[in-house]
Number of protein chains: 4
Amino acid sequence: MKSAALRTMRSHSEDRRHALVAAAFGQIAERGFEGLRTREVAAEAGVNIATLHYYFPTKEALIRGVVAHAMGRFRSTLAPHGSPDEQLANHLKAVRALLRKEPEIASVMGELALRSARDTSLARIMRESNDAWHRTLRGLLRRAARAGDLPTAFDTDEAAALIVATLTSMVLPSMTSSRKDQAFRELERWLNSAAGTTRSRPSN
Amino acid sequence: MKSAALRTMRSHSEDRRHALVAAAFGQIAERGFEGLRTREVAAEAGVNIATLHYYFPTKEALIRGVVAHAMGRFRSTLAPHGSPDEQLANHLKAVRALLRKEPEIASVMGELALRSARDTSLARIMRESNDAWHRTLRGLLRRAARAGDLPTAFDTDEAAALIVATLTSMVLPSMTSSRKDQAFRELERWLNSAAGTTRSRPSN
Amino acid sequence: MKSAALRTMRSHSEDRRHALVAAAFGQIAERGFEGLRTREVAAEAGVNIATLHYYFPTKEALIRGVVAHAMGRFRSTLAPHGSPDEQLANHLKAVRALLRKEPEIASVMGELALRSARDTSLARIMRESNDAWHRTLRGLLRRAARAGDLPTAFDTDEAAALIVATLTSMVLPSMTSSRKDQAFRELERWLNSAAGTTRSRPSN
Amino acid sequence: MKSAALRTMRSHSEDRRHALVAAAFGQIAERGFEGLRTREVAAEAGVNIATLHYYFPTKEALIRGVVAHAMGRFRSTLAPHGSPDEQLANHLKAVRALLRKEPEIASVMGELALRSARDTSLARIMRESNDAWHRTLRGLLRRAARAGDLPTAFDTDEAAALIVATLTSMVLPSMTSSRKDQAFRELERWLNSAAGTTRSRPSN
DNA sequence: TATGAATGAGCTTTCATTCAT
DNA sequence: TATGAATGAAAGCTCATTCAT
């Protein structure tokens, strides 16, 4: 059985790959795909440009690495703790916190989203990821409805879509920080008021 | 008195400029800023590359032209007809229709939104445009509230932010068409239900 | 018989040509042949670039115009007044004064001199002009010698060459103004001392 | 201890740099700055144009290399052997020989001199170099005077300026070879006669 | 595994020149 | 005579990629 140290221990090779991916990630966040230069990435990672090509034969391969990195980073916002509606509330907060603390993730996700329009393999990844996200949200909403926390007329599929849409918009810099907060609050209020409709009735 | 024909008649020079902007617009929609090539734009407009530079001294100048074009195209979705809540409903439908009929606009708006993070002059344009949009929506919501079509507790500022956020997300291809429809429907339902809260009360 | 007014009256066409040549002259003085741009010349003369090509079919034709202009400007320094040695002294002073008052002439002459190495037709013009200059100086020196103002051993051919060489160096900006003055003074002193050798003898 | 072979051995990289500078030097001598083309330089050095930019990021950087090369080439004419007046005579002969054997140096120095009018950093280099030259000559003249080889009334500063001016004129092709010889001879004669004035007197 | 050197292909931009009006 | 519009040809420079070591 591997010790914790061993499990998190990275080979030199993995370190290099990660350093390169992290540098590329930073570059994309800062300059977009438009401004991504392998030389800059190599320089930032402290290696020769030829070394970069040793680890990532092509620029596209490097970008794949960034995609995997970014998706993994984003998945962490869905933590299964508490009741369905608590999980939902926590997820919203976690997304907001992530985008606030690491705005580069927003930039990169935005870049990836746009790029997926011209890159079928990236499109597949994004679609699968988004579908999984949507299904998770819908599942939470359904369980909340079953628990009596939402009105039965509530369309969980469309509600999940609205949540995904709203949170998705946050990766664009055209949404200012204060506007993001407002939209977030309205989303929470909306969910609460829907919950209130059912909850408050029995208590009457 | 100028005839309609005369009024819409363009000089040769304006035609060329427009053709170049339209070609650049198409290229950005298709390949993103990453893939925008002046040579391709000139070829698509049927002119020599030097001719492009006769009209637009630099690539950036051409991009400014595209920005103006795209913003103008988007503004057309706010038509002031009917009561506030009708205008609101129409606006939602108009945005959805525009994005469905001309998906290139979505692509380009997405590209511009991302680029605005690294381009202060573009950032200003996007911000002003978004602020105006938000203010318009908020105005409609307020007038609807005053007309008794919305509950008094309704926060028009945050509701407008939620609408902007949802519609904004539609410029990203990661939102599939069916998901966009769902989010739209949920947005309409939410607005209607809010309206219903007040409207139904007198009948009680 | 033409009146003075008539003689100096220029046709519109000649004015245009002259304005273009003057502008080109100024550009060469300022930026060298390296930086000569027909568009700039046209703009400075206040005409369209196509108009420039109406008057001067090619850039080379325009340059020919500049050459003629510059050579004419330089010839004015040889005014036949006074005794040979006075003429000589005056010539030195006139060259110095010209270069001081119109440094552009120095720049352009320098540019032309260098260009003549790659331009046979310009080379011919420069050579002829320089030969004429040399002959004139030699003639003055010979007449001064015959008048007893110079020692008989004096080699007028080589002395003329030294004068031409010294004055020629003044078109280069690597000779600073103060250095030019020093060289001038030494040249004058040398000519005077040579004169003094013969003149002082009778007094012995 | 390094052998002579080792000492003069150049790295591959230095060779390439030198080959590129030499090619650029040749191009400037042949076509002037006006006709300097990086592609031609690269071709003449037998490398790809991108390789040229690997060694010299910009055309200007390449030109700086040429400047250093030319200045170094010129400095070699001041060899400190013999008495002051011998050194002086040798210097004159060395300059004449250099310009005769390698006329490209004359061309390039001429180009650099003119360019210095529009290039402050080059201007500084040229000025410093010329000042050093002038000081060296003046020093030689002073020591010659102190040794009794020149009349005390002799103004060494101005005489040095005259020598510099005359030699400087030789970089211009408007001075033909025979005229250069004549000017040289007159310069030598002038220096000798000045020397003769003092030397011959005691013997009388 | 790592790198310095090299390159093909392509990019934006410039410029003298032409031409229809 | 004069010009706005257009262009072919080329220029300097960039960049992902390769390769010998």
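Just so you know, these numbers use all the heavy atoms, side chains as well, and skip hydrogens, waters and symmetry mates. Note that this is a predicted model, so its numbers are computed, not measured. Here is how names work: the chains are called A, B, and so on, in the same order as the sequence lines, proteins then strands, and each is numbered from 1.
- Distances shorter than 4.0 Å separate some side-chain N or O of D/Arg37 from OP1 or OP2 on F/dA11.
- Residue A/Arg39 contributes atom CZ, which lies 9 Å from atom C1' of F/dT14 at whole-angstrom precision.
- In this structure, D/Asn48 places its CG atom 14 Å from C1' of F/dA16, rounding to the nearest Å.
- Here the CE atom belonging to A/Met71 is positioned 7.5 Å from the CG atom belonging to A/Leu112, to the nearest 0.5 angstrom.
- D/Glu60 places its CD atom 15 Å from the C1' atom of F/dA11, with the value rounded to the nearest Å.
- Where DNA chain E meets chain C (any atom under 4.0 Å from a heavy atom), the bounding nucleotides read 5' to 3' are E/dC15 to E/dC19.
- Comparing B/Glu40 and D/Arg16 against DNA chain E, the residue whose closest nucleotide sits nearer the 5' end is D/Arg16.
- In this structure, D/Arg16 forms no cation-pi arrangement with D/Tyr55, as its terminal cationic atom is not both closer than 6.0 Å to the ring centre and no more than 45° off the ring axis.
- Distance CZ (D/Phe33) to C1' (F/dA11): 17 Å, rounded to an integer number of Å.
- The backbone N or O of B/Leu36 lies less than 3.5 Å from no partner atom in the side chain of B/Arg31, so there is not a single donor-acceptor pair.
- Going from atom CD of A/Glu34 over to atom P of F/dA16 covers 13 Å, rounded to whole Å.
- Each of A/His53 and B/His12 has a nearest nucleotide on DNA chain F; the 5'-most of these lies closest to B/His12.
- Using a 4.5 Å heavy-atom threshold, the side chains of D/Gln27 and D/Glu44 count as touching.
- In this structure, E/dT21 forms a base pair with F/dA2, meeting either the Watson-Crick or the G-U wobble geometry with both donor-acceptor distances under 3.5 Å.
- Here the side chains of C/Ser107 and C/Val171 are not in contact, with every heavy-atom distance at 4.5 Å or above.
- With rounding to whole Å, D/Leu36 atom CG is found 15 Å from F/dC13 atom C1'.
- Here the CZ-OG distance, from B/Arg124 to B/Ser116, works out to 12.5 Å after rounding to the nearest 0.5 Å.
- A salt bridge links B/Glu111 with A/Arg118; the closest basic N to acidic carboxylate O contact falls under 4.0 Å.
- Nearest-nucleotide mapping onto DNA chain F: of C/Tyr55 and D/Phe56, the residue sitting toward the 5' end is C/Tyr55.
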